[in-house]
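Predicted, not measured: the structure shown is a model, and the values here were computed from it. Residue numbers start from 1 in every chain, and the chains themselves are labelled A, B, ... in the order their sequence lines are given, proteins ahead of strands.
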Amino acid sequence: MQQTWIVEEKMTESSFSAVPVSPNVWWVGARDWNVRNFHGYETNRGSSYNAFLVIDDKVTVIDAVKAPFMPEMLARISSVVDLQRVDYIISNHAEPDHSGGLPELIASTSPEKVFASGTGAKTLAAYYGLEGITPVKTGDSVSLGKGTVSFVDTKMLHWPDSMVSFYTRDNILFSQDAFGMHLAASPMWADECAPAILDYEARKYIANILNLQADRLISLLDAIPGLGLDIRIIAPDHGPLWRKDLDRIIGIYRSAAEQKPCKRALVAYSTMWHATEKLARALAEGLILSGIEVKICDLEVNDRSAVMTEVARSGLIAFGAPTMNNQMFPKMADALCYVKGLRPKNKIGFAFGSYGWSGEGGKQIAAELEAMGAEQPEPVFQVKYMPSQDDLLKLKDIGRKLGAALAARCE
Amino acid sequence: MKKYVCEVCGYVYDPAKGDPDNGIAPGTAFEDIPDTWSCPECGAGKDEFTAQD
């Protein structure tokens with residue numbers, strides 16, 4: 001890409017340098033290659049904290065990075081411009097993976113102004129004691145000289161403070177967590193990454209971060225064309241940037257948010273002595289025979305964020321667990337607590353399990369499915385101690401019936 | 001009866017409509033909602049609401 005730097009690249013001794021995004025914008029973020037647990041979200045492919053430097057009459061930094069990565073970010077900025085040249089900082093989102101380094105960024109650059117949403121200003125004050133932040137809202141814009149940054153409030157997508165910023169000169173939408181995914185990759189652009197990986201990681205991200213606000217997400221996607229922004233680059237705060245086929249990432253986000261029924265089923269279970277596991281396998285056999293694609297997840301080896309990813313991609317969610325101490329098995333309680341909070345929609349549900357004497361587990365699972373609004377055409381299925389061959393055949397038949405019910409929903 | 005806005009997420013409580021899904025009958029003034037009630041959109045507490053002008 002032809003660059004028209006208005007500031008000459010400085011020679012620095014740091015090994016970190018800024019990466020050009022567009023004629024006046026540089027990537028100055030950090031890749032977190034080896035993070036595998038992001039507040040309980042299993043990030044198998046790492047993540048990145050994208051931050052940006054806009055070189056205009058007012059030199060502007062957009063977002064920061066997780067605090068431990070600040071030396072890297074400051075070095076990247078310094079490879080282009082002296083830190084003291086920074087005039088403005090825009091904080092699109094106050095969560096610490098983007099704001100953790102903000103106090104250090106402010107201390108290092110002494111900016112004239114820091115912008116955030118009204119709630120963002122309050123949140124940054126609560127987190128870091130930062131005062132004097134200029135609040136902005138939808139419709140507000142700030143001139144950087146040759147270009148302008150306009151702001152769009154995206155309340156609850158995914159925090160109350162969230163907003164996005166659009167830089168007119170290079171037609172970039174700094175979309176904060178929207179259109180992002182947890183993926184550390186050395187290609188900065190999505191069109192240089194494997195499409196199937198992007199699709200999976202984007203859907204995992206939406207399922208685990210945005211699903212509970214799916215309706216707001218759809219409203220925002222509907223509103224984008226009416227904002228009059230000529231968006232040519234989407235630069236999220238996590239994962240690759242988009243410069244080609246923007247409708248692809250927008251389409252993935254829309255289809256994930258819509259949660260239309262699909263002929264895919266998740267069978268998730270916990271087991272102590274393999275009884276519930278046998279039930280899970282028999283159920284899955286019936287579903288597969290009815291033409292449904294099935295994913296079986298043992299909660300012992302599949303973490304809650306992986307399970308939620310499968311919930312989001314499935315039209316039918318079956319959960320099975322033994323009863324332990326008059327409760328559903330604790331790993332199941334963990335998974336269901338998490339899944340329910342993310343408010344999955346349009347699901348067929350099914351609860352099953354095994355027990356020794358009291359049998360509360362299956363009923364508790366059914367109650368959680370009910371609380372999620374999942375339709376349960378078949379009653380909870382529980383066996384005492386170990387399923388008989390007859391039990392397994394019954395469950396296989398239930399699998400067939402549920403598969404048929406799901407297929408009918410998808411027509 | 002005044003409408004109240006959730007400062008966290010922007011949800012507007014309209015007393016004419018109430019919040020029947022969460023046991024608040026239509027016609028209930030915001031002041032008469034139990035303190036245990038929370039925003040149906042984001043879960044914020046009653047103290048996060050302010051009266052709409």
Side-chain angles (χ1 to χ4, degrees), chain A residues 92-95 116-127 133 135-140 151-164 176-178 209-220 222-223 257 337-345 368 370-374, chain B:
Chain A
N92 283 319
H93 180 24
E95 196 168 5
S117 69
T119 309
K122 289 180 199 165
T123 309
L124 292 170
Y127 260 119
I133 291 174
V136 291
K137 58 184 187 302
T138 298
D140 288 352
F151 304 101
V152 179
D153 183 38
T154 59
K155 215 174 222 317
M156 296 314 287
L157 290 170
H158 68 114
W159 272 26
D161 63 277
S162 300
M163 68 171 191
V164 299
Q176 173 249 133
D177 280 347
I209 304 290
L210 295 162
N211 202 81
L212 78 162
Q213 295 289 348
D215 291 344
R216 281 178 193 259
L217 180 55
I218 291 169
S219 301
L220 177 69
D222 288 342
C337 171
Y338 183 70
V339 168
K340 183 172 74 174
L342 286 160
R343 300 186 198 167
K345 280 187 185 169
E368 290 294 72
E370 174 79 25
M372 289 178 212
Chain B
M1 285 189 289
K2 272 190 175 175
K3 291 179 181 175
Y4 276 71
V5 186
C6 174
E7 289 296 318
V8 176
C9 75
Y11 165 83
V12 179
Y13 175 78
D14 180 352
K17 292 179 184 162
D19 178 18
D21 290 346
N22 296 294
I24 308 298
T28 306
F30 184 81
E31 294 77 7
D32 295 334
I33 299 175
D35 289 339
T36 50
W37 178 82
S38 61
C39 173
E41 289 270 325
C42 75
K46 207 181 154 186
D47 56 351
E48 298 280 358
F49 281 71
T50 53
Q52 197 174 46
D53 297 328

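When side chains are defined from C-beta on, Met156(A) counts as touching Val8(B), because their heavy atoms get closer than 4.5 Å.
Within a 6.0 Å sphere centred on NZ of Lys3(B), other residues, nucleotides and ligands contribute 12 heavy atoms or fewer. Around the CD atom of Glu31(B), the shell of radius 6.0 Å holds more than 12 heavy atoms that belong to other residues, nucleotides or ligands.
Here the NZ atom belonging to Lys155(A) is positioned 11.5 Å from the CD atom belonging to Glu41(B), to the nearest 0.5 angstrom.
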Side chain to side chain contact (heavy atoms under 4.5 Å, CB included) between Cys9(B) and Arg216(A), intermediate numbers included: CA-CA 11 Å; Cys9(B) 75; Arg216(A) 281 178 193 259; 3.5 Å; yes
